[in-house]
Amino acid sequence: PGGEKMFGWALSNGPNKLVTFHPAQQFAKQFHRPDVIRLAVELGSVEAALKKLATAPADIEAILPPSATLKLVKQEGAKVQVQATASSGQKEKPILTMRLLLDGRPLPQGQGKMTVPPGKPAEATWDVEIPGGSHELKLLASSDDDSATSDPLVLIGPKNASQQPTLHRVCVGVNDYDDPGIKLNAAVKDAQEVFAAFASHCVGSANRFGTAKGQLLVNKEATRDAVLKALAEVRKAAKPGDLVVFFFAGHGVKQENEFYLLTKEADLNKSLKGISLSGDDLRKALSDIECPVLLIMDACHSAKGVKAFRPATDDLTRNLTDETAGVTILAAAMAHEVANASAENGHFTAALLKALNVGEGVPFDPYERALFTHHIYSVIFSEVRKATNGKQNPFLNSPWTVPPLAVREIPKQ
């Protein structure tokens with residue numbers, strides 16, 4: 001998951017200038033073609049598949065994405081003025097909209113948003129407020145087919161008790177399913193300890209967040225309706241600069257063409273639609289939140305009762321990490337692997353708890369004195385591979401519009 005960010009096209013800007021790199025993820029509408037892959041395997045070549053589908057190979061120069069620029073005009077405390085400009089990579093497909101992103105999320109109530117009138121330049125000047133602490137502003141410019149973001153502006157808002165952001169948590173763990181064939185042992189403990197760890201390590205007057213709110217839902221409380229209600233309450237409460245963490249410990253499967261995180265009432269002998277959390281449920285629940293969202297999945301897929309089903313992890317990740325949903329995902333294992341557990345915790349959760357504690361061997365940014373998601377991932381990756389002899393490989397995937405998320409700050413010794 002996320003491999004399409006690792007390859008793409010480099011566009012020369014002339015001598016003595018850096019090239020522009022366009023990752024393949026930006027061209028998903030044109031190039032995400034599983035139908036071509038399936039047919040190519042069947043027929044023996046991509047050329048044969050394209051011919052049968054009557055699809056011409058795309059001309060990359062004809063579908064170049066827009067370019068976007070964001071400049072800081074002035075900053076006075078939390079008040080910031082920025083100048084935004086964008087241009088199209090294709091003359092026949094002009095810029096349609098421009099939108100400011102704060103930490104990868106649109107600003108609320110239409111702030112920093114512009115629909116570009118036909119024939120007019122894509123230009124705007126906006127005044128916005130930055131929450132306390134370090135945050136990132138980007139410009140997202142969109143044409144009919146493609147989008148692009150500007151280089152980021154890293155800005156620091158004044159910190160005081162009234163402006164400290166809030167950490168919102170919804171932690172779900174299910175051991176005792178209605179279907180006894182998919183029972184787990186460590187999921188409830190995992191959810192309980194993660195819920196407590198985020199509050200104890202990430203909150204305080206000198207920390208990243210001023211308060212921690214949210215709900216812990218385990219076993220009989222962890223129904224589909226209860227989880228969706230908790231996420232709806234978070235969506236109403238979360239503000240720019242906050243962070244939403246949704247942790248799920250349980251099973252994740254794909255049934256027919258939909259993927260599900262299995263809540264307490266799941267019955268694998270019946271349709272899961274409307275019974276467990278579908279990818280569509282999660283997309284609707286998480287997409288409109290006004291601050292960054294971190295989804296952490298210890299979806300083990302280890303019980304005998306679920307092994308006949310395809311794991312949901314990879315497909316769910318692709319669905320939630322595009323620029324319209326904008327969710328950062330940290331997951332316990334690749335789709336073809338089993339997420340294992342000790343008697344105490346899942347190996348993935350144990351490593352997550354170690355990273356949040358910033359104990360010995362845990363890296364952090366020495367300049368911002370902050371623990372970011374990629375630092376957490378580096379600990380989890382090493383710890384889980386060591387515990388499983390390389391059989392389980394966690395992964396981190398962020399939307400291309402979203403910066404690494406700061407989870408806590410580290411006090412100076």
Side-chain angles (χ1 to χ4, degrees), residues 66-88 94-118 120-143 146-160 162-168 208-210 213 231-244 283-294 322-328 398-406:
S67 61
T69 303
L70 188 64
K71 294 182 178 180
L72 176 64
V73 178
K74 62 180 179 179
Q75 179 176 1
E76 297 176 355
K79 295 182 178 180
V80 171
Q81 187 177 82
V82 293
Q83 186 179 53
T85 58
S87 59
S88 176
I95 301 295
L96 299 179
T97 61
M98 296 195 303
R99 187 157 199 174
L100 281 182
L101 302 178
L102 176 66
D103 298 330
R105 307 294 287 191
L107 292 165
Q109 300 173 345
Q111 297 178 69
K113 183 179 181 182
M114 176 186 180
T115 299
V116 182
K120 299 292 183 180
E123 300 174 350
T125 300
W126 288 304
D127 295 297
V128 298
E129 285 201 18
I130 301 297
S134 177
H135 298 277
E136 183 180 289
L137 271 182
K138 282 182 181 177
L139 174 66
L140 175 66
S142 301
S143 62
D146 298 295
S147 301
T149 59
S150 67
D151 290 336
L153 287 177
V154 179
L155 304 169
I156 298 177
K159 289 182 69 173
N160 57 57
S162 65
Q163 290 181 310
Q164 261 191 297
T166 299
L167 176 62
H168 304 270
R208 177 75 180 181
F209 303 101
K213 299 179 180 180
L231 292 175
E233 291 174 0
V234 164
R235 188 166 63 249
K236 292 177 182 177
K239 296 179 175 60
D242 293 350
L243 175 66
V244 170
R283 190 178 180 92
K284 290 176 181 176
L286 301 177
S287 296
D288 294 334
I289 294 175
E290 293 179 356
C291 67
V293 178
L294 174 60
D322 63 20
E323 70 269 23
T324 55
V327 176
T328 297
S398 300
W400 61 277
T401 54
V402 175
L405 306 180

**Study point:** pair Thr328-Pro399: side-chain heavy atoms closer than 4.5 Å
**Key:** yes
**Study point:** For Pro165 against Gly132, the heavy-atom pair lying closest together
**Key:** CD-O, 4.3 Å
Check your understanding: Quick one: CD on Glu123 to CE on Met114, what's the gap to the nearest 0.5 Å?
Key -> 8.0 Å
Review point. Where do Thr125 and Gln81 land on the side-chain contact (heavy atoms from CB on, under 4.5 Å) test, with the steps shown first?
Key: CA-CA 7 Å; Thr125 300; Gln81 187 177 82; 3.7 Å; yes
Exercise for review: State whether the side chain of Ser150 and the backbone N or O of Leu139 hold a donor-acceptor pair below 3.5 Å, judged by distance alone.
Suggested key: yes
Study note, to complete from the structure: Of all heavy-atom pairs linking Met98 and Ala86, the shortest is SD-CB, 3.8 Å
Check residues 102-112 and write down every donor-acceptor pair under 3.5 Å in which the side-chain atom is one partner and the other belongs to a residue at least two apart or another chain.
residue, atom, partner, partner atom, Å
Asp103, OD1, Glu136, N, 2.9
Asp103, OD2, His135, ND1, 2.7
Arg105, NE, Ile289, O, 3.1
Arg105, NE, Cys291, O, 3.2
Arg105, NH1, Ala325, O, 2.8
Arg105, NH1, Gly326, O, 3.0
Arg105, NH2, Leu286, O, 2.9
Arg105, NH2, Ser287, O, 2.9
Arg105, NH2, Ile289, O, 2.8
Gln111, NE2, Pro108, O, 3.2

Review point. So which heavy atom on Pro131 is nearest to which on Pro240, and how close?
Key: CG-O, 3.5 Å
**Study point:** Nearest heavy atoms of Ser88 and Pro94, plus distance in Å
**Key:** CB-CA, 4.0 Å
Check your understanding: How long is the gap from CD on Gln83 to CG on Leu70, to the nearest 0.5 Å?
Key -> 9.0 Å
Exercise for review: Could you tell me whether the side chain of Leu153 reaches within less than 4.5 Å of the side chain of Val80, counting heavy atoms only?
Suggested key: no
Review point. Going by heavy atoms in the side chains, are Ser147 and Leu140 under 4.5 Å from each other?
Key: yes
Practice item. Determine the minimum heavy-atom distance between Val154 and Ser134, stating which atoms define it. Key: CG1-OG, 3.7 Å
Review point. Which atoms form the tightest heavy-atom contact between Lys284 and Arg235, and what is the distance?
Key: O-NH1, 4.1 Å
Review point. Do Leu137 and Ile130 come within less than 4.5 Å of each other through their side chains, counting heavy atoms only?
Key: yes
**Study point:** Close side-chain approach of Lys213 and Thr166, heavy atoms under 4.5 Å
**Key:** yes
Review point. When rounded to the nearest 0.5 angstrom, what is the spacing between CD in Gln75 and CD1 in Ile156?
Key: 8.5 Å
**Study point:** Inter-residue atom distance Arg283.CZ - Asp288.CG, 0.5 Å rounding
**Key:** 10.0 Å
Practice item. Check the pair Ser142, Thr97 against side-chain contact (heavy atoms from CB on, under 4.5 Å), reporting the backbone distance first and the verdict last. Key: CA-CA 5 Å; Ser142 301; Thr97 61; 3.6 Å; yes
